[in-house]
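Written out below as structure tokens is the structure these notes cover.
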Amino acid sequence: MNTAPTDTESPEEKRSLNFIEQIIEEDLKTGKWEGRVHTRFPPEPNGYLHIGHAKSICLNFGLAEQFGGKCNLRFDDTNPTKEEQEYVDAIKDDIRWLGFDWEDREFYASDYFEQLYDWAVQLIQAGKAYVCDLTGDEIREFRGTLTEPGKESPFRNRPVEENSDLLERMRAGEFANGEKTLRAKIDMASANVNLRDPVIYRILHAHHHRTGDEWCIYPMYDYTHGESDSIEKVTHSICTLEFENHRPLYDWFLENLGIYHPQQIEFSRLNVTYMVTSKRKLLDLVKEGRVSGWDDPRMPTICGLRRRGYTPEAIREFCRAVGVTKFDGVTQIVELENSLREDLNKRALRVMAVLKPLKVVIENYPEDQVEELDAINNPGDESAGKRKVPFSRELYIEQTDFMEDAPKKFFRLSVGREVRLRYAYFVTCTDVVKDDDGNVIELRCTYDPETKGGNAPDGRKVKGTIHWVSSEQAVTAEVRLYDHLFAKEDPNDVEEGRDWRDNLKPNSLEVLTDCKLERNLADAATNTPYQFERTGYFCLDATSSSEKVIFNRAVSLRNTWGKMQKKGG
RNA sequence: UGCCCGGUAGUGUAAUGGUAGCACCAGGGAUUUUGAUUCCCUUAGUCCUGGUUCAAAUCCAGGCCGGGUAACCA
């Protein structure tokens, strides 16, 4: 990238392309696919989508968009024992929410079961596949190891007729689970273990979420994926690095079947600090009740991030920013948080909300008076307009905005110090009220009527401006603050004998039950991001109601004061 | 131990034989009715050793380090 603005990209100043874009551009130049670009996003419906999937979605749909091509949604549903309709529905919701559209191209590998079966017959006819009676354990044993070649199955040279007959009977349900498999006849001595006569069909007497009980044999991933790509005339089949060793097999099936042959390209999956993206671990977190569900705002799932207050724009920007390479790295979670702040800063409405209230009485303010003061909704966006906030004698401010023995660098309230109440008046703290344990429970202050709106006619300045909420009109709410789900950057970094679960952070959720929000938040809308000034970005929780108002903190504001404090000891 | 793939500031990435650049983080400063935002500045990098070349992050060789890989999972 150079410094040229991206939206006025000139032909001479080409922005840098990632390695996949380069391949596509080259293919377009040589006419390899007749100018077509066709990708697909192929989730297995056995879990919810997470941030890693978002990267793949942005890549596949993004490439199609960028090059005027198409991207299919295809469910890789070849294992009925793990897959469910619930996941199909959730996956579709998440992709749509992210802002991508597969139009009428919603496909399922299970749509191709009949064709896949015919091709298996074709392989048998060509002497390139055979039915094997070895058990699972035996197959593993015969496969050899990483350093030693495998041994050929005693069933490897069954005559074609016998193989055809057996496969037919497998399909007819004559055999029990695991009794037989169909295997490709490739090379038991291959250095690539994937080529040592891989299983292509297994017997599974199980109900499939789409094909019901029509089948009792199901094709394996390796056998299914390339052919599905082929059927859909995909040009670039983009997957993650762990499938690199499978590419020769992907190619083998397509070559030996003599059918349309897309190109598989692998990129490195997304890793983010303090997050796990293993589907199994995510499932464990949900099943074991360590989080409230797939959409727990601490989860790296798309629905979790959404409930937390993330926007599609922020996630897409993040996926753009991390780039596409073959280097297996780890992205810092602050990069994600930063994308959110950047997006929300532009559009979140500013409001005042006190998370940990401390009562303030303005002693020289008239008892029954309420003033409606002007407040700006978004200082960076004039079109967001203004609103009125009520001001009165009794207010709440943040406990952290008062300090008894305040250091010089503390720009907030302390006895004898003057600060500005945002959009209101200058106030000076005159006294504190304490409970029996010596905790400050109330502040007595005086205000300067001349400073209405926040400016002093005599030109005097104050160091600090703090937020406040008028107590009479305040909305009481619950606010949930989230921290990283895990205590370690790498949740999988555990000592011998311990488990990734041991790295779960004990206080990743902090619930504040007595928060005071400005009156305007009484009719806050879901999906509307707010900035609680000086605190962070928040949104209404999905479970919020007028009886119990609940807000989630999506991300805090940058906090240099907090950093200074930490450093100061 | 085989095979495959990688290695550029702390992190994520660009440079495709010709000035090692960008973003985040960190540090410093300016502005500020959010200790936010915005703006400016600074620190800091080609895994190693050879070779090819006028010229190597880039090409070649060897090494080192990291990842993936031995489900009837995907």
Side-chain angles (χ1 to χ4, degrees), chain A residues 1-3 15-19 22 42-44 46 76-79 81-83 132 134-136 139-140 143-150 177-183 190-196 198-204 217-218 220-222 224-225 239-248 266 268 273 279-280 321-332 334-335 337-339 341-342 345-346 350 352 375-376 379-380 409-412 420-424 426 453-455 461-467 531-536 556-565:
Chain A
M1 253 336 240
N2 52 45
T3 50
R15 73 185 191 88
S16 68
L17 303 176
N18 67 49
F19 81 103
Q22 286 172 34
E44 184 192 11
N46 69 342
D76 237 320
D77 55 350
T78 56
N79 185 353
T81 65
K82 289 186 177 170
E83 297 150 7
C132 182
L134 255 26
T135 66
I139 287 180
R140 198 171 312 123
R143 188 157 34 226
T145 68
L146 292 178
T147 52
E148 304 156 88
N177 287 357
E179 210 176 319
K180 289 182 171 14
T181 57
L182 181 70
R183 296 227 258 161
S190 173
N192 183 340
V193 188
N194 294 122
L195 262 21
R196 319 241 262 231
V199 169
I200 59 186
Y201 266 96
R202 77 287 215 186
I203 299 171
L204 238 37
I217 57 172
Y218 290 92
M220 300 289 290
Y221 165 85
D222 282 312
T224 308
H225 202 88
C239 60
T240 44
L241 249 29
E242 68 269 28
F243 293 102
E244 222 161 9
N245 295 332
H246 294 242
R247 184 164 13 106
E266 310 85 13
S268 67
T273 55
K279 276 196 191 179
R280 205 207 78 231
V322 297
V324 179
T325 64
K326 299 190 72 160
F327 176 70
D328 185 26
V330 185
T331 298
Q332 310 286 300
V334 292
E335 197 85 42
E337 296 168 342
N338 209 55
S339 300
R341 289 193 186 104
E342 196 184 324
N345 177 51
K346 283 182 290 192
R350 272 61 171 174
M352 293 196 283
I376 295 165
K409 288 283 185 90
F410 186 78
F411 300 153
R412 308 173 187 183
R420 171 166 42 230
L421 294 179
R422 182 129 161 111
Y423 300 126
F426 284 11
N455 287 305
K461 302 286 185 203
V462 285
K463 287 290 239 181
T465 300
I466 64 175
H467 61 279
Q531 184 195 98
F532 290 3
E533 292 207 44
R534 304 207 305 134
T535 308
S556 67
L557 251 33
R558 279 203 189 81
N559 183 0
T560 35
W561 168 241
K563 262 184 238 167
M564 281 167 67
Q565 278 180 309

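Every chain is numbered from 1, with letters handed out A, B, ... down the list of sequences. Treat the numbers as computed from the prediction; the structure is a model and nothing was measured.
- The base of B:U37 does not come close enough to the side chain of A:R341 for any donor and acceptor atom to sit less than 3.5 Å apart.
- With B:U34, B:C73, B:G68 as the candidates, the nucleotide lying closest to the side chain of A:K82 is B:C73.
- Across B:G63 and B:A20, the matching P atoms stand 31 Å from one another, rounded to whole Å.
- Counting any heavy atom pair closer than 4.0 Å across all strands shown, A:E148 reaches no nucleic acid atom.
- Residue A:P248 is out of contact with every strand shown, counting any heavy-atom pair closer than 4.0 Å.
- Remark: P of B:C4 and CD of A:E242 are 19 Å apart, rounded to the nearest angstrom.
- If you check B:C73, B:C24, B:G2 against the side chain of A:T147, the one that comes closest is B:G2.
- Looking at heavy-atom distances under 4.0 Å, A:R196 makes no contact with the nucleic acid at all.
- The C1' atoms of B:U19 and B:U52 are separated by 23 Å, rounded to the nearest whole Å.
- No contact: A:Y201 has no heavy atom under 4.0 Å from any strand.
- Partners of A:K326 by salt bridge (Lys or Arg N to Asp or Glu O under 4.0 Å), not counting sequence neighbours, listed by chain and number: A:E244, A:E266.
- Comparing B:A15 with B:C22, their P atoms are spaced 15 Å from each other, to the whole Å.
- Comparing atom distances between the A:L146 side chain and each of B:U34, B:G35, B:A70 picks out B:A70 as nearest.
- Spacing between B:U31 and B:A36 at atom C1', rounded to whole Å, works out to 13 Å.
- A distance of about 26 Å separates the P atoms of B:G45 and B:C64, rounded to the whole Å.
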Heavy-atom protein contacts under 4.0 Å, nucleotides 5-12 of chain B, coded B base, S sugar-phosphate only, - none
SSS---SS

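- As judged by a 4.0 angstrom heavy-atom cut-off over every strand, A:T145 is placed among the base-contacting residues.
- With its glycosidic angle more than 90° from 0, B:A55 adopts the anti conformation.
- Residue contacts for A:L134: at a heavy-atom cut-off of 4.0 Å it reaches a base atom on one of the strands shown.
- Note on ring orientation: taking the six-membered ring where Trp is involved, the planes of A:F243 and A:H246 are perpendicular (angle over 60°, cut-offs 30° and 60°).
- Within 4.0 Å (heavy atoms only), A:R422 reaches at least one base atom of the nucleic acid.
- Looking at heavy-atom distances under 4.0 Å, A:M220 makes contact with sugar-phosphate atoms alone, never a base.
- Within the 4.5 Å cutoff, side-chain heavy atoms of A:L134 are placed close to those of A:R183.
- Atoms CG (A:N245) and P (B:U69) sit 8 Å apart, rounded to a whole Å.
- The CG atom of A:N345 sits 14 Å away from the C1' atom of B:C39 (whole-angstrom rounding).
- For A:N18, the listed nucleotide lying nearest its side chain is B:A14; candidates were B:C25, B:A14, B:A26.
- Both geometric conditions, a ring-centre gap below 5.5 Å and a plane tilt below 30°, are not fulfilled together for A:Y221 over the base of B:A74.
- The residue A:N177 sits apart from the nucleic acid: no heavy atom pair falls under 4.0 Å.
- In this model, no side-chain donor or acceptor of A:R534 finds a partner on the base of B:G35 within 3.5 Å.
- Dashed line: the shortest gap from a side-chain N or O of A:T224 to OP1 or OP2 of B:A74 is not under 4.0 Å.
- Neither OP1 nor OP2 of B:G35 sits under 4.0 Å from any side-chain N or O of A:R558.
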